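In what follows, a single structure is set out as structure tokens and then discussed.
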Amino acid sequence: MPELPEVETVVLSLRDQGICGRRISSVAVHWMRSVQEPSVEEFTRILKGRTIQNISRRGKFVVMGLSGGWTALVHLRMSGRLFLGRPADITKHDQVLLKLDDGRTLRFHDTRKFGRWRLTQDPETVLSKLGPEPLEPVRDFHKRLHAKSRILKPLLLDQTFIAGLGNIYVDEALWEAKIHPQRKSDSLTTSESDALLKAVRKVLKKGIRNLGTSLGHGKANFQLPDGESGRNREALNVFRQTGLPCPRCGTNIERIKVGQRSTHICPSCQRKH
DNA sequence: AAGTGTCCCTGCGAGC
DNA sequence: TGCTCGCAGGGACACT
């Protein structure tokens, strides 16, 4: 499940492989709903002939700046991947294909078909709704936690509160900060809020260093654009570690439900009260 | 305002 | 072996 570190890894990798400056020579959309806006016809017509000028990340969005003032926003959701490869590599679940002028093809591969592309001249309409970037200076984190009375985990997953976190890194951060996911956001002390933000940064940076987390058994859900998979899975402390000893205290990790999401905690380190 | 339920999808593991 | 079934999960949206 691509979260901030996985999206960052994809962006850096595509940039590293020289995607910037390449011209899109043709476009093919195999699953219509992979394109959220505009219509598939317009999407294809507008993209064709444009140059990819830059690529970056905002929250979990891949942001591609194109010639002529257009921007492509790609959200990978559950299973989306972006590969740069030869046309011969094309496989079953490639939903959107951009053929480039150097002979390579940018492939949007998405087995579960939840991923979405948007092509817009005003990306801020979408991006301005996102909360702050956790790896940049975050102002008034404690104050913002106390401005609401929300259950902590769903709040951290809310992209308008803070951008880029998903199920994996929220569980890891809450464990790191020794805070129970069902605590109310306005119950945290200032030192707990500080510890939480530090923990969020720590787990995200570690995820990026490890080139992302690949899950699944054998088949990686997340892969780098060149087909390699991240190695952060081995670095996880609680996520999908149910029944295994907590690396800090040895108590068995438990799996609970918080807001319909499976959640992993150490019942000794993370107390509700 | 905060929380719950439903939908979108496919692959996988469990149970028979 | 081969089938069905339920689950996972980010985000949008309707509803309470």
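Bear in mind the structure is a predicted one, so any value in this text is a computation, not a measurement. Numbers restart at 1 for each chain; the letters A, B, ... are given by sequence-line order, proteins then strands.
The line from CG of Leu100(A) to OG of Ser25(A) is 6.5 Å long, rounded to the nearest 0.5 Å.
Defined by atom type and a distance below 3.5 Å, a donor-acceptor pair is present between the side-chain atoms of Asp94(A) and His109(A).
The stretch residues 146-155 of chain A touches DNA chain B through Lys148(A), Ser149(A), Arg150(A), Ile151(A), each having a heavy atom under 4.0 angstrom from the strand.
The main-chain N or O of Thr189(A) is found under 3.5 Å from a side-chain atom of Glu192(A) such that the two form a donor-acceptor pair.
Ring-plane geometry between His75(A) and Phe61(A) is classed as perpendicular, the angle between the planes exceeding 60 degrees on a 0 to 90 degree scale with a lower cut at 30.
For Arg81(A) and Phe108(A), the positive end is not near the middle of the six-membered ring at less than 6.0 Å and at most 45° from its axis.
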Encode nucleotides 4-11 of chain C as B, S and - characters from 5' to 3', where the letter depends on protein heavy atoms closer than 4.0 Å: B to the base, S only to sugar-phosphate, - to neither.
----BBBB
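In this structure, the helix from dA2(B)-dT16(C) to dC16(B)-dG2(C) shows an angle of 50° between the axis at its start and the axis at its end, each fitted on 5 base pairs and rounded to 10°.
When the side-chain hydrogen bond (donor to acceptor under 3.5 Å, both in side chains) test is applied to Ser34(A), no partner is found at least two apart in sequence or on another chain. In this view, Asp102(A) and Arg104(A) satisfy the side-chain hydrogen bond (donor to acceptor under 3.5 Å, both in side chains) rule, not counting sequence neighbours. Asp16(A) pairs by the side-chain hydrogen bond (donor to acceptor under 3.5 Å, both in side chains) definition with nothing, not counting sequence neighbours.
Here Lys60(A) does not pair with Glu3(A) in a salt bridge; the nearest charged N to carboxylate O distance is not below 4.0 Å.
Distances shorter than 4.0 Å separate none of the side-chain N or O atoms of His93(A) from OP1 or OP2 on dC9(B).
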